[in-house]
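These notes concern the structure reproduced below.
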Amino acid sequence: MATMFTKMLILFVVMLLAFNKNSSGLTPNPKIRCIGKEKQALLKFKETLGDDGDSLSSWGSENDKKECCEWRGVKCNNHTGHVAGLNLSTWSLTGKISPSLLELQHMKYLDLSGNNFGGDYTPIPNHHLGNVSSLQYLSLGGNYNLSGGNLEWFSYFPLLRHLDLSTVDLREATNWLEVVSDNLPLLEYLNLSGCYLPNQVPPTHPLNSSLYLTIVDLSNNDMSSLIPDAFGKMISLVHLNLAYNDFVGRIPKSFANLSRLESLELKWSHVTEQVAVVLDKLSRSEKSLQILNFDSNQLSGTLPDFTRFSSLRELYLGDNKLTGAFPKSFRHVLPNLVVLQLGGNQIAGMLPDLTAFPSLTGLQLAKNLLNGTINKSVGKLSKLEYLDASMNSFEGIISESHFSNLSSLKYLDFSNNPLIFNISSSWIPPFQLDVIQLRSCKLGPDFPEWLRNQNNFSELDVSGAGISDDVPNWFWDLPPNLVSIDISNNQMKGLVPELSSAVSLFNINLSSNSFTGQIPRLPSHVSMLDLSKNLFSGSISIICAVSFLGYVDLSSNQLSGGLPDCWEPFQSLQMLNLANNTLSGELPRSFGSIFNLKVLQLSNNNFSGELPESLKNCSYLIIINLGGNRFTGKIQPWLGTRIPNLMILSIRFNRFYGGIPRDICLLNSLRVLDFSQNDLSGKLPRCFDNFSALVQRDNSMKETPAFAYYSTIYLGDVLVQWKGQERGYQRRLRLLKMIDFSSNKFSGEIPLEIASLAEVVSLNLSRNDFTGKILQNIDRMKMLESLDLSRNRLFGKIPPTLAALNFLSVLDLSNNNLSGKIPTGTQLQSFDASVYSGNAQLCGVPLPDKCPGEEQGGKKGIQEEDDEDQFLFTTPTFYISMGVGYACGFWAIFGTILFSSVSRYAWFKFLDKVADWLYVTTAVNFNRLKRRLRG
């Protein structure tokens, strides 16, 4: 009997499966022919499309293609033959959506996502949409050129359950929330990500579809309002993504209604609330919440114990304003937590025991205030793949036990922590790292032997790691997938072999070491090359084989010879620094082919000849530094007319001659102009008031001689004469605004327009042949810190306005023909007398020579002051005032003591403390004196 029952049960199951298969109605049946009208509609649709990939090759009217239900992407109802579904997702189709699709009246499923429909933002056709009112699934996402208009056509799809319009242009849908609510009552899935939704979002609105919506994605829009309270009324909501918007304020209290919520993403908004309050508002989701992403907001307060959210898998609270320390302990173990992102806050204190999160794969703690030692519990996280604790204040020893069980680790970043790696040379790591970031950690002095077992890393940064060893040969056998290597700021030694086998390498930084030999052969696709501050020698011609370079710094080596004439292919080069070598010869004409060049540093070499005229083609230059060479010729007008973005122009210590062309004044952005120590002559042009950046502060120019290339920010290093000394400016170069024309043969009067340079901090016109008077309105140069007008032929009096320069700390007016009294003012009298020397007719403090009549006038002034004092103390008014004041003061103190016991007690207690302090101080000082006398 049991056997009979079993057979009947199997028969019932088979019949049930067969029934379910047939009842779906979407399985193609070769016996069912497609409807001719619908076939023609599909062919009309195909005619309007571009199909470079032949994705629609099975669609046609030929005999072998007559059954449209067998066409790729087409699903027909198994019983009626009507087209019930059309799936053309990610077929790279182009063109317009044809109205012929409206003839598919029985279609329930339409997916045209991931194509390029629309042309010039063609609207979705909305006429006769009632013909397809049975549609339940509609996906048009990923069609960037498609426009959805005002969404009124939603009213024709009352049965719609799935709607994806991501990246479709909906900027005209000013009332999109109402349209969705009023017309799509059965909606379960809504994706309007990246749709340019208008930011007039009402803070509250009851949604008719709130009972069914489970997934809502409104990310990547520019909505700027309070977070709508309506989301908290979607009681079935499981996933809510509001990331990358400009929502402000707090999380609505209605979010406490969301008991099924599994993920909430509000990354990159402006939520301002205590993080503990946010978690409290989500308390009904404690059992369901898996992903919580509030990265890059303005959450504040201390980090609470979040382990009450028992299903939590990913927690992102990075780049907020969290303070305080970690909880001392976590109440519960979170076995499912895989990502903990807390970087970019102000979390302080020590790292807690992290074994409460045994499944952790990603731990981000960078850019906080964490200190102390790194807890060895990190080494027990066997599933950890990503560990970033950089830019904190961790200290102490890192040993093998910190990595004992980290067999899955791929990304390690301890950069910018004073950690000391104490690892045995025989240690074999249990991991193979992809990224190694240990900048400014103490790895040396010996070269870290454990790196020998790392064979798959794509990024390596051990810069500033205190390594002062010869680099072993095995290290240069670099992985083929290596992208970036930075071993700068150590004291590594040895020869660098060929690097051309590292075919993926685009970032090489070996600067500030002691490497010797010639520049090695480089990978053909390297983009960033920094070999500066080493002992490399020989020619630089080898870089001709690397035409993709964008950043080249070979400065401060022992390179020699001429520059190769091979610069035509270097279209990507933005920074070239060859300063502080012994390179020689003329600049090649092909320099002018580096059209995108922004920084040209050739200072302190032996270059000679005139500047090639082709250099005027480099119109994006912001720094030209040619100082300390043997360049000759005249200053060319094209420096001002063809290179308009120049911020620094330094040709100091060369052999340029002739005058300054007026076109130089077209450089509105100029901050440093250094023509010192040349053979220039003639009068200065009267147009310096055109230097806009030196006349007034321009907040729009936040970064001056600086630009970013990949991850490296280069700030120009320029040697200037500053406050009487030569200094190399790099990090603070953007703050320097100066003009230096010293040690030339300029003549004539100082142009009046120079006084308009209110932002200049240093002006040096010394060692020329200027005549005339010092500018009377020099007080307009209110930021001036250094002024050198020495060794000219200036005459007349020092203008009193010079004393109004409050920041002036360096002044030299020596060896001129100035006369008269030095104006009185704390600034001018505080300088050494040498700054006024060599002016025979100059007198007054601080010079030893008194001005005529100065001594007699001083006595007269003293006598007048004595007479005034004597008159003051002999008037009856003085004595009356003194008596009244004494009486008031006496009774104010004595009366309070006499009539108030509290005040009396406080007064005598105060006197006792004063007496005790006087006694102790006298005794201590007396004993010190006795010890000194005995000594």
Side-chain angles (χ1 to χ4, degrees), residues 627 647-653 660 664-665 667 669-678 680 682-697 704 718-727 729 732-733 735-794 796 798-816 818 823 827-828 831 835-836:
M647 295 181 179
I648 291 183
L649 177 56
S650 176
I651 58 172
R652 68 190 304 271
F653 201 29
I660 298 178
I664 291 295
C665 294
L667 299 174
S669 303
L670 201 67
R671 282 151 167 73
V672 173
L673 183 60
D674 192 346
F675 289 172
S676 61
Q677 302 182 70
N678 280 280
L680 300 172
K683 296 182 178 181
L684 297 183
R686 303 179 65 91
C687 57
F688 286 178
D689 51 349
N690 290 334
F691 294 142
S692 302
L694 300 179
V695 172
Q696 59 185 358
R697 184 169 299 175
T704 51
V718 177
L719 191 68
V720 298
Q721 188 81 11
W722 172 246
K723 297 187 177 181
Q725 298 179 350
E726 283 191 344
R727 294 186 183 181
Y729 270 75
R732 295 198 174 269
L733 183 58
L735 304 177
L736 184 63
K737 296 182 178 182
M738 60 161 289
I739 291 180
D740 192 345
F741 292 154
S742 62
S743 301
N744 280 285
K745 299 175 183 178
F746 291 118
S747 58
E749 296 185 354
I750 299 174
L752 297 174
E753 290 77 11
I754 284 185
S756 65
L757 306 179
E759 293 296 312
V760 167
V761 296
S762 176
L763 176 63
N764 192 344
L765 304 180
S766 64
R767 292 175 173 80
N768 278 286
D769 199 25
F770 289 116
T771 59
K773 298 181 178 182
I774 298 176
L775 299 176
Q776 291 294 321
N777 57 348
I778 197 170
D779 58 325
R780 294 175 59 190
M781 305 181 72
K782 54 188 177 182
M783 301 302 296
L784 206 58
E785 297 181 27
S786 177
L787 175 62
D788 192 348
L789 302 178
S790 63
R791 299 185 184 277
N792 280 287
R793 292 193 297 140
L794 301 175
I798 298 177
T801 52
L802 191 62
L805 298 176
N806 298 324
F807 297 108
L808 194 63
S809 58
V810 173
L811 176 67
D812 195 347
L813 303 179
S814 63
N815 298 295
N816 279 285
L818 301 174
Q827 293 286 91
L828 301 185
F831 293 113
V835 306
Y836 303 109

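One distance of note links CD of E753 with CG of L775; it measures 9.5 Å at 0.5 Å rounding. Rounding to the nearest 0.5 Å gives a distance of 10.0 Å between CG of N768 and OG of S790. Atom CG of L818 is separated from atom CG of L789 by 8.5 Å, given to the nearest 0.5 angstrom. Atom CZ of R791 sits about 9.5 Å away from atom OG of S743, to the nearest 0.5 Å. Remark: K683 NZ to E749 CD distance equals 8.0 Å, nearest 0.5 Å. The CD atom of Q677 lies 5.0 Å from the CZ atom of R652; values are rounded to the nearest 0.5 Å.
A side-chain contact (heavy atoms from CB on, under 4.5 Å) with I739 holds for exactly one of L694, L684, N764; it is L694. Among L787, D740, L757, the single residue meeting the side-chain contact (heavy atoms from CB on, under 4.5 Å) criterion with L763 is L787. Results of the side-chain contact (heavy atoms from CB on, under 4.5 Å) test with S762 over E785, M738, M783 single out M738 as the only residue that passes.
Across all non-hydrogen atoms, the minimal contact from F688 to C665 is CD2-SG, 3.8 Å. Taking all atoms of both residues into account, the shortest heavy-atom contact from M781 to A755 is CG-O, 3.5 Å. Residues L808 and S786 share a closest heavy-atom pair of CD1-N, 4.0 Å. The two residues D674 and S676 come nearest to each other via the heavy atoms OD1-OG, 2.7 Å. Nearest approach of S766 to N792, heavy atoms of both residues: CA-ND2, 3.8 Å. D779 and A804 get closest at one heavy-atom pair: CB-CB, 4.1 Å.
Residues Y836 and L811 are in side-chain contact: their nearest non-hydrogen atoms beyond the backbone lie under 4.5 Å apart. Two residues are said to be in side-chain contact when any heavy atoms from C-beta on lie closer than 4.5 Å; L736 and R671 fail this criterion. Side-chain contact between L813 and L802 is present, with at least one heavy-atom pair separated by less than 4.5 Å. Using a 4.5 Å heavy-atom threshold, the side chains of I750 and L794 count as touching.
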Task: Evaluation steps, side chain to side chain contact (heavy atoms under 4.5 Å, CB included), between R780 and S756 - done: CA-CA 6 Å; R780 294 175 59 190; S756 65; 3.6 Å; yes
Open item on the list: Between N777 and T801, does the side chain to side chain contact (heavy atoms under 4.5 Å, CB included) criterion hold? Intermediate values first, please.
Closed with: CA-CA 7 Å; N777 57 348; T801 52; over 6 Å; no
Task: Working for side chain to side chain contact (heavy atoms under 4.5 Å, CB included), residues D769 and K745 - done: CA-CA 6 Å; D769 199 25; K745 299 175 183 178; over 6 Å; no
Task: Worked check of side chain to side chain contact (heavy atoms under 4.5 Å, CB included) between I754 and F691 - done: CA-CA 10 Å; I754 284 185; F691 294 142; over 6 Å; no
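Between F770 and F746, the angle of the ring planes stays under 30°, which puts this pair in the parallel group of the 30/60° scheme.
Under the 3.5 Å distance criterion, the side-chain polar atoms of N744 are matched with a main-chain donor or acceptor of N678. Side-chain atoms of N816 come within 3.5 Å of backbone atoms of S814 as a donor-acceptor pair (strictly under, hydrogens ignored).
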